[in-house]
Structures are given as C-alpha cells and as structure tokens.
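What follows is a structure written as structure tokens; I'll ask about it next.
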Amino acid sequence: MAIQSVHCYSHGSHGTDEEFDAVWVTYFNKPDIDAWELCKGVNTLVGYDLVPKQLNDVASAVHILEAVKDKAGPHREIYPYFTQELRPTLNELGIFTPEKLSLDNV
C-alpha cells in the first residue's frame, strides 16, 4: 500500500504536493502579476503555514516578516529569534524589519 501526500484546498479538491507546488509556481511566475495578486497569494500560502520562495520584492519580504510575527501569536519569543537568525541576510539585501520601518505602530 503506497502513501501519497495530499493537500486539501479550501474549495474541497485534493492534489499531490507536486500539483500543489505547480499551481503556486505558475501563479507567482505570471509575468503580469500585480502587487495585489502577490499579496493575495502570499496571504493564502501563509494560511497554509507556507512561505513562497524567490520573491524579489522588498515590500513582499517585509509583508512576509509581518505575517511571521502575526502567526507567532502569543509566542512572543519566536519572532525575535526569527529576525535574529535572518539578520545577516536582511542586512545583505538591505531589507528592514517592519519595526525598523515603524510599520508596527500603524
């Protein structure tokens, strides 16, 4: 008996990991994707506890940091650890945290 990894989509259909990945790779590789679609896709994946790779956009990176902070919820020690571990990469890429941009006060 073979076990197959399956994702349940919000609309009730099922698919393998490869099919799930292919849907999202196609979605994020659209040449005409706009900022709204990008945020919508990121928010959907965050709802699945996933984060897309290779988003070459500073605003999207900051948005993902905000999502990680939100997902940490009452576990306040997670987000500082996360940003501490990402600090070298954030510095290398010139990406500021939402706190540094004063977005946490909005």
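Worth knowing before you read on, the calculation uses all heavy atoms, side chains too, and leaves out hydrogens, waters and symmetry mates. As the structure is a prediction and not an experimental result, all values here were calculated from the model. Heads up: numbering here begins at 1 and tracks the sequence.
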Once rounded to the nearest 0.5 Å, what's the spacing between atom CZ of R87 and atom CD of E92? 13.0 Å
Would you compute the distance between atom CD1 of I95 and atom CG of L86 and round it to the nearest 0.5 angstrom? 9.0 Å
Calculate, to the nearest 0.5 Å, the distance between atoms CG and NZ belonging to L45 and K40 respectively. 10.0 Å
Going by side chain to side chain donor-acceptor pair (under 3.5 Å), name the residues that satisfy it together with T97, two or more places apart in sequence or in a different chain. E99
Do you know the tightest heavy-atom contact between Y79 and A72? N-CB, 4.5 Å
Going by the rule side chain to side chain contact (heavy atoms under 4.5 Å, CB included), which residues pair with D34 if we only count those two or more places apart in sequence or in a different chain? W36, E37
For the residue pair K30 and F28, would you count it as a cation-pi contact if the rule is NZ or CZ under 6.0 angstrom from the ring centre and within 45 degrees of the ring axis? no
So which heavy atom on L65 is nearest to which on F96, and how close? CD1-O, 4.3 Å
Any donor and acceptor pair, going by atom type alone, linking the side chain of N29 with main-chain N or O of V25 inside 3.5 Å? yes
Are V68 and Y81 in one and the same hydrophobic cluster, where Ile, Leu, Val, Met, Phe, Trp and Tyr link if side-chain heavy atoms are under 4.5 Å apart? no
How would you list, by chain and number, every residue that makes a side chain to side chain donor-acceptor pair (under 3.5 Å) with K71, sequence neighbours excluded? D49
CD1 of I78 to OG1 of T83, rounded to nearest 0.5 Å, is 12.0 Å
